[in-house]
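The structure appears below as structure tokens.
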Amino acid sequence: MEILKVENLSKSFDEFKAVDGVSFSLRELEITALIGPNGAGKTTLVNLITKKLKPDTGRIIFRGVDITKLSPHSVTRLGIVRTFQVVSLFPTLTVYENLKVAALASGTSTKEIEGIMSDLRLEKFKDTRVAQLPFGLQKLVELGIALALKPKLLILDEPAAGLTYEDRKSLIRMLKDMGRRITLMVIEHDMEVVFGLADRIIVMNKGKIIADGKPEEISSNKLVREIYLGEG
């Protein structure tokens with residue numbers, strides 16, 4: 001079942017066309033990776049979907065609702081939640097308190113917060129101030145905050161950035177399990193994470209989608225290998 005549909009989406013900054021007539025749809029409970037070289041338009045596309053930016057042309061349909069002209073807050077309430085590459089938390093608050101702040105906005109219960117901490121293996125850090133946690137655990141707290149907002153579509157911006165090899169492997173396992181309950185869209189440069197996690201990969205270059213398919217199709221795509229992997 002289709003959860004998100006993007007139709008002919010475009011966004012320019014002066015003469016630079018960051019997103020150029022992009023169309024695609026996301027299926028429910030599918031893990032989709034969005035990849036491409038720096039400047040390909042990935043972040044601008046996600047900013048358009050989450051309403052941080054307004055498109056010049058095109059429409060965005062989420063669960064049958066046209067969200068093109070809605071505010072970021074309204075879109076979050078409908079169920080589109082995004083995490084960022086740079087962790088943004090309340091460092092002086094505990095892990096539980098950080099999740100509780102998000103819960104106030106979404107009506108998430110204490111029992112649900114405890115369930116999220118259990119899923120992310122954060123229970124033993126419940127009363128630890130976030131500033132005292134290593135970077136990998138801070139990333140999990142950020143993910144917990146996103147889950148406390150009860151997303152239907154969760155967009156993850158470079159979730160593996162700065163993580164150790166073991167933390168990346170653990171993250172892939174967690175996200176695969178999460179993908180059984182929540183539709184995931186992952187912006188990621190780490191190809192080990194992309195190919196270990198995604199059911200489907202969308203490749204952007206110069207504001208356009210140049211490939212869209214299963215991991216094995218993308219890995220053998222000549223144009224992708226030339227443009228993204230630098231093979232001549």
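Just so it is clear, the values below take in all heavy atoms, side chains as well, and ignore hydrogens, waters and symmetry mates. Not measured: the values here are computed from a predicted model. One-based numbering along the sequence shown.
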Hydrophobic cluster membership, Val65 vs Met185, 4.5 Å side-chain cutoff: yes
Heavy-atom side-chain proximity of Lys126 to Met117 below 4.5 angstrom: yes
Distance in Å, Leu154 CG paired with Leu149 CG, rounded so as to fall on 0.5 Å steps: 9.5 Å
Note, Val203 side chain near Ile209 side chain (heavy atom, < 4.5 Å): no
Sequence-distant partners of Thr50, side-chain hydrogen bond (donor to acceptor under 3.5 Å, both in side chains), two or more places apart: none
Residues Val186, Ile35; criterion side chain to side chain contact (heavy atoms under 4.5 Å, CB included); working and verdict: CA-CA 8 Å; Val186 183; Ile35 70 172; over 6 Å; no
Common cluster, Val6/Ile61, ILVMFWY with side-chain heavy-atom separation under 4.5 Å: no
Thr183 and Met178, any side-chain heavy atoms less than 4.5 Å apart: no
Shortest non-hydrogen separation from Ser106 to Thr108 and the atoms involved: OG-OG1, 2.8 Å
Glu166 with Lys169: basic N within carboxylate O range, under 4.0 Å: yes
Least distance between heavy atoms, Asn98 atom then Val130 atom: ND2-CG2, 3.2 Å
Smallest separation among heavy atoms of Ala103 and Ile113, with atom names: CB-CD1, 3.6 Å
Residue list, side-chain hydrogen bond (donor to acceptor under 3.5 Å, both in side chains) with Glu217, at least two apart or on another chain: none
Expected output: side-chain Arg59 to main-chain Thr68 donor-acceptor under 3.5 Å: no
Heavy-atom donor-acceptor pair, Gln138 side chain to Leu133 backbone, under 3.5 Å: yes
Polar side-chain atom of Glu114 near backbone of Lys111 as donor-acceptor pair, under 3.5 Å: no
Heavy-atom side-chain proximity of Leu122 to Leu99 below 4.5 angstrom: no
Side-chain donor or acceptor of Ser25 paired with backbone N/O of Lys5 under 3.5 Å: no
Side-chain donor or acceptor of Ser220 paired with backbone N/O of Glu216 under 3.5 Å: yes
Distance in Å, Ile187 CD1 paired with Asp157 CG, rounded so as to fall on 0.5 Å steps: 4.5 Å
Exam field: side chain Glu188 to backbone Asp190, donor-acceptor pair closer than 3.5 Å: yes
Side chain to side chain contact (heavy atoms under 4.5 Å, CB included) evaluation trace for Ile155 with Thr83: CA-CA 6 Å; Ile155 302 175; Thr83 66; over 6 Å; no
Closest non-hydrogen atom pair between Ala211 and Asn221, with its separation: CB-ND2, 3.9 Å
Side chain to side chain, Tyr96 and Thr110, heavy atoms closer than 4.5 Å: yes
Side chain to side chain, His189 and Lys42, heavy atoms closer than 4.5 Å: yes
Ile201-Leu223 co-clustered via ILVMFWY side chain contacts under 4.5 Å: yes
More than 12 heavy atoms from other groups under 6.0 Å of NZ on Lys150: yes
Flag if over 12 foreign heavy atoms under 6.0 Å of CZ, Arg181: yes
Residue pair Lys51 / Ile80, side-chain heavy-atom distance below 4.5 Å: no
Salt bridge (charged side-chain N to carboxylate O under 4.0 Å, His left out) pairs, two or more places apart, involving residues 197-207: Glu30-Arg200, Arg200-Asp212
Separation of Leu175 CG from Leu143 CG (nearest 0.5 Å): 6.5 Å
Step-by-step side chain to side chain contact (heavy atoms under 4.5 Å, CB included) determination, Lys176 to Leu197: CA-CA 6 Å; Lys176 272 188 169 293; Leu197 177 63; 3.8 Å; yes
Value rounded to 0.5 Å, distance of CD1 in Ile210 from CD in Glu226: 9.5 Å
Lys52 side chain reached by Val46 side chain, heavy atoms, under 4.5 Å: no
Test side chain to side chain contact (heavy atoms under 4.5 Å, CB included) applied to Met204 and Leu34, step by step: CA-CA 7 Å; Met204 289 189 71; Leu34 179 64; 3.9 Å; yes
Partners meeting side-chain contact (heavy atoms from CB on, under 4.5 Å) with Ser71 (sequence neighbours left out): His73, Ser74
Backbone of Thr92 reached by a side-chain donor or acceptor of Arg129 within 3.5 Å: yes
Lys152/Glu28 salt bridge by N-O under 4.0 Å criterion: no
Taking every non-hydrogen atom, the tightest pair across Gln132 and Thr128: OE1-CG2, 3.6 Å
Show which side-chain atoms of residues 11-24 pair as donor or acceptor with protein atoms under 3.5 Å away, not counting sequence neighbours.
unit_1 : atom_1 : unit_2 : atom_2 : d
Lys11  : NZ     : Lys54  : O      : 2.9
Asp20  : OD2    : Lys208 : NZ     : 3.1
Ser23  : OG     : Asn8   : N      : 2.7

Cluster check Leu93, Val95: I/L/V/M/F/W/Y, side chain < 4.5 angstrom: no
Sidechain-backbone polar pair: Arg63 side chain, Ile3 backbone, donor-acceptor under 3.5 Å: no
Test log, rule salt bridge (charged side-chain N to carboxylate O under 4.0 Å, His left out), inputs Glu192 and Arg168: CA-CA 9 Å; Glu192 179 186 7; Arg168 289 199 305 272; 3.6 Å; yes
Value rounded to 0.5 Å, distance of CG in Asp119 from CZ in Arg121: 9.5 Å
Contacts of Asn47 that satisfy side-chain hydrogen bond (donor to acceptor under 3.5 Å, both in side chains) - sequence neighbours left out: Arg82
Considering all heavy atoms, the nearest Ala102-Ala148 contact: CB-CB, 3.8 Å
Rounded distance [0.5 Å steps], CG in Leu4 versus CG in Leu153: 6.0 Å
